[in-house]
Novice: 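Got a structure here, written out as structure tokens. Questions coming.
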Amino acid sequence: MGNFSLTLVDTLDTLVLLDETEEFERVVKLVIASVRFEQDIVVSVFETNIRMVGGLLAAHVLAKELQRRRGEMMWYRSELLDLAQDLGYVLLKAFDSATGMPYPRINLKYGLDGLDHQKHTCAACAGTMLLEFAALSRLTGDPIFEEKSRLAMDYLWHKRHSSSSLMGHIIDVDSGDWIRRESGIGAGLDSYYEYVLKTYILLGDETYLHRFHRHYQGLLKYVMVNSRMQDVHMHQPQSTSKPYLDALTAFFPGLQVLYGDVELAKDSFRTLHKVVQRYNFLPEAFTPEPELRMYWAESYLRPEFIESTYFLYSATKDPFYLEVGENLVESLEIYSRVKCGYAALKDTNAGTHDDRMDSFFLSETLKYLYLLFSEPEELLVDLHDYIFTTEAHLLPVQLARQNVTFFPRQHLEVHTHSEEPSLSCPSSHLVVNFSSIWDEFIDVSPLDSRDASAVPQCRHRPEMSQTAQQQRLQQRSVFASEINWENPEHVSGLRVLLAEELLIPVVVLTIFICCQVILLAEMGITVVKRDGTILISQDAAKAKHMGLAAEGMLFLQEIAQTFRQPSARELFFPPAAVRITSEQTGLDRILKAAPAQFGKQLGKDLTTLKGKLAYADPPSACTADGLTNIRGNIAVVSRGSCMFVEKARNVEGAGAVAMIVVDNKEGTSFQADVSAFAMSGDPGSNNTAVTIPALFLYDVEGKVLLDAFNRCDDLVVTMGPGQ
């Protein structure tokens, strides 16, 4: 691992949770004075990221909390964040591969130069970078870390098995070929699945929730059949791939709790607990049920079992899990305690010691044990406001709304109605025992015990045709572009409650759109009026659930962009039109359209543009990947999931000559009084990057266009200025 104070850094945030703040301050000064990375040593990219980068970031965040809450460490000036950034730049060199996945090892001083680098890495090694790297980007403002780690995750996702969504174990970084195809939830795969779900929790990007949902369905079907855990072949999941399970499998019940599937988490935990009861610790490997025999005798005092114990207790408050923790503490004291710490076991049966105590024992095992028996008021921070990395380092969930404008919004995969996890109203077996850790995000009481008059009803999605399903992305409740802030019919009131001179962000701006009342409070958005200025902010932790938190984040971006743009009085964009003609059918019709604030302006830069249509794939055009069928054509894209100008850049890059965006909100149509609406561009950029024209069709007009496209092989589309 490399002689750079890894155990010291890995343990920093544990000291804060133990309220050993004086020792924490002493060690922080020691790390700042002594830790440097210009060393000629080869390290694991995965381990260095989760232990060192994660440890430095968590310690930085908690040092700032000590300043804010207690006025301590006021001398601290983000030196740990600077160290994390320095190390991040070193690790970035590992991503210099044909696939964008990181090589598994790197020389801290020379990078990949002269290194006989291994080409093969595990899925978890390549896919356990995004939490730390996204946090590093959000905290420093440099997007490169998040961009690189997102690309690695995207590549792994596209390498999943197409029907089962299972992942392989070992992959070639250069070719992208699977080298070992066994699939499970233990070593080599564990933290990949963990980071797919936790990326959604930390960043609010629903792409990763959809991905985890797909993975989870495959795991339940093949890897955790009736709660019997097993490893299978990726391409033949009906066949088991090895006769044992490893100790890292024990993390999964905790992840199931975060996903909301507490009942199945309990079932998974029972199997693991049987093994611990038999051997006092969880051996490094054991056979599946019904035998549950020791397969490898070592025990490295790993944290995964106590981690799941902690999450299950947090979700259920069942004292059984406290008893499990108490028994584990007794086993540590009896079988592992030595003069200078706690020794790993060479043989769990014989109780013989190994001369090692891994850093994860201090950073994770003891941390989860302490938190299991702690009361919330005993801790410096509210753990509801944080997510644990795979090394149990704390990252604040408020990062979802910090420096987000640095990053292009990632696209959402398109799912059919039956595939989509219901974000607004989870299925009953998930809701009834949903983790209390997330009860601030979602209503977690049993469905049959709720007062129907007091609980908002679930938003049922209407049945859609297959064509509509392909074109529609996750529908949003409200778009900033639809709000006229000077129209009293849109803005009904601004109410701010005052209590002991503190603003209570519960009752906020209410907006009437399409005969609906949208409470921004459900998105965690607060609107206050102070000194004649309206202040709008969001706290994702106060959203009704994480889906609305993500929607609120995008809404806030649109608001910021709206107010950076010139007002309609200062800059007028005249309405546009789309003419569709077909000689075969005699069709000749003009559809009213809204213009764009970017690209060539019809009637100004060019009179008209005529061409053939082509569907964008993916329909959102929020990524350039796969946009191969639109070259030389007018691209038809769906509204949603990213900014209009981003869609335009992507389709122009793929060779489209123009773009038509079709609304994804049912029943909207062009009205004369909305002629001032125009698709917004990038604030402050003059939008010179986009050179093709773009128009927007509301739902009614869009359906006319798409119907004609499906019926008329010779359809010709002419885009031009309106009447």
Side-chain angles (χ1 to χ4, degrees), residues 414 464-473 573-596 598-621 626-640 644 647-672 674-675 677-679 690-723:
V414 179
M464 297 180 291
S465 66
Q466 185 174 0
T467 301
Q469 287 176 347
Q470 292 172 346
Q471 294 178 343
R472 180 183 174 190
L473 297 177
F573 291 86
V578 175
R579 183 179 182 182
I580 51 177
T581 58
S582 168
E583 292 184 2
Q584 292 179 356
T585 63
L587 175 69
D588 189 348
R589 185 166 178 179
I590 295 177
L591 306 173
K592 293 182 178 180
F598 51 82
K600 289 185 177 179
Q601 298 299 306
L602 295 166
K604 180 181 178 182
D605 299 321
L606 71 166
T607 306
T608 60
L609 185 143
K610 182 182 295 186
K612 297 284 188 178
L613 292 184
Y615 284 120
D617 183 16
S620 69
L627 293 174
T628 58
N629 63 322
I630 59 175
R631 180 170 295 277
N633 296 315
I634 299 172
V636 179
V637 308
S638 173
R639 180 180 191 172
F644 294 123
K647 300 174 187 288
R649 287 198 193 96
N650 289 333
V651 299
E652 181 176 3
V657 298
M659 177 181 77
I660 296 177
V661 180
V662 177
D663 200 359
N664 62 357
K665 291 178 72 68
E666 189 76 21
T668 61
S669 64
F670 188 95
Q671 300 293 333
V674 298
S675 59
F677 167 75
M679 292 185 287
V690 177
T691 62
I692 62 172
L695 296 180
F696 179 89
L697 289 179
Y698 287 93
D699 178 61
V700 172
E701 290 80 10
K703 285 178 178 176
V704 174
L705 175 72
L706 298 179
D707 178 68
F709 180 53
N710 293 330
R711 290 189 298 107
C712 307
D713 295 333
D714 65 333
L715 186 73
V716 175
V717 173
T718 304
M719 300 166 57
Q723 300 298 323

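Note that the numbering runs from 1 along the sequence shown for the chain.
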Novice: Rounded to the nearest 0.5 Å, what separation is found between the NZ atom of K703 and the CG atom of L705?
Specialist: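 Answer rounded to 0.5 Å: 13.0 Å.
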Novice: Do side-chain atoms of K592 reach the backbone of S669 as a donor and acceptor pair under 3.5 angstrom?
Specialist: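 No: the side chain of K592 does not pair with the backbone of S669.
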Novice: Is it the case that more than 12 heavy atoms not belonging to K610 sit under 6.0 Å from its NZ atom?
Specialist: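 No, because the 6.0 Å sphere around NZ of K610 holds 12 heavy atoms or fewer from other groups.
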Novice: Provide the closest heavy-atom pair for I630 versus A635 in the form atom of the first, atom of the second, distance.
Specialist: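 Heavy atoms of I630 and A635 come nearest at CD1-CB, 4.0 Å.
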Novice: Could you check whether any side-chain heavy atom of R639 comes within less than 4.5 Å of a side-chain heavy atom of F644, counting everything from C-beta outward?
Specialist: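 The answer is yes, as the side chains (C-beta and beyond) meet within the 4.5 Å cut-off.
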Novice: Just do the side chain to side chain contact (heavy atoms under 4.5 Å, CB included) check on I634 and L609 with the steps written out, would you?
Specialist: CA-CA 9 Å; I634 299 172; L609 185 143; 3.9 Å; yes
Novice: Give a yes or no on whether a salt bridge exists between E701 and R589, defined as a side-chain N under 4.0 angstrom from a carboxylate O.
Specialist: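 No, E701 and R589 are not salt-bridged.
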Novice: Would you call T718 and T581 a side-chain contact if the rule is heavy atoms closer than 4.5 Å?
Specialist: no
Novice: Using modelled atom types only, decide if a donor and an acceptor are shared between the side chain of Q601 and the backbone of G599 within a distance under 3.5 Å.
Specialist: yes
Novice: What is the distance from atom CG of L591 to atom CZ of R579, rounded to the nearest 0.5 Å?
Specialist: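 Spacing of CG (L591) from CZ (R579) equals 11.5 Å.
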Novice: Could you tell me whether the side chain of L715 reaches within less than 4.5 Å of the side chain of L587, counting heavy atoms only?
Specialist: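 Result yes, sub-4.5 Å side-chain heavy-atom pair found.
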Novice: If you look only at distance, which donor and acceptor atoms sit under 3.5 Å apart when one is on a side chain in residues 650-658 and the other is two or more places apart or in another chain?
Specialist:
from : atom 1 : to   : atom 2 : distance (Å)
N650 : ND2    : A621 : O      : 2.9
N650 : ND2    : E646 : O      : 3.3
E652 : OE1    : T691 : N      : 3.0
E652 : OE2    : T691 : N      : 3.4
E652 : OE2    : T691 : OG1    : 2.2

Novice: Roughly how far apart are M659 CE and M719 CE, rounded to 0.5 Å?
Specialist: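 Answer for the CE-CE pair, M659 versus M719, is 8.5 Å.
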Novice: Indicate the atoms forming the closest heavy-atom contact of A708 with I580, along with that distance.
Specialist: CB-CD1, 4.0 Å
Novice: CG of D617 to CG of L627: how many Å apart, nearest 0.5 Å?
Specialist: 7.5 Å
Novice: Can you name the nearest heavy-atom pair linking V637 to S620, along with the distance?
Specialist: CB-O, 4.5 Å
Novice: Counting N and O atoms only, with roles assigned by atom type, does the side chain of T668 sit under 3.5 Å from a partner on the main chain of D699, one being a donor and the other an acceptor?
Specialist: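 Answer holds: yes.
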Novice: Please step through ring-ring contact (aromatic ring centres under 6.0 Å, His included) for the pair F709 and Y615, ending with a clear verdict.
Specialist: CA-CA 10 Å; F709 180 53; Y615 284 120; 5.1 Å; yes
Novice: Looking only at heavy atoms, what is the nearest atom pair of I692 and A648, with distance?
Specialist: CD1-O, 4.1 Å
Novice: Could you grab the distance from atom CG of L613 to atom CD1 of I660, nearest 0.5 Å is fine?
Specialist: 5.5 Å
Novice: Quick check for you: to the nearest 0.5 Å, what is the distance between T585 atom OG1 and D714 atom CG?
Specialist: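 CG of D714 is found 6.5 Å from OG1 of T585.
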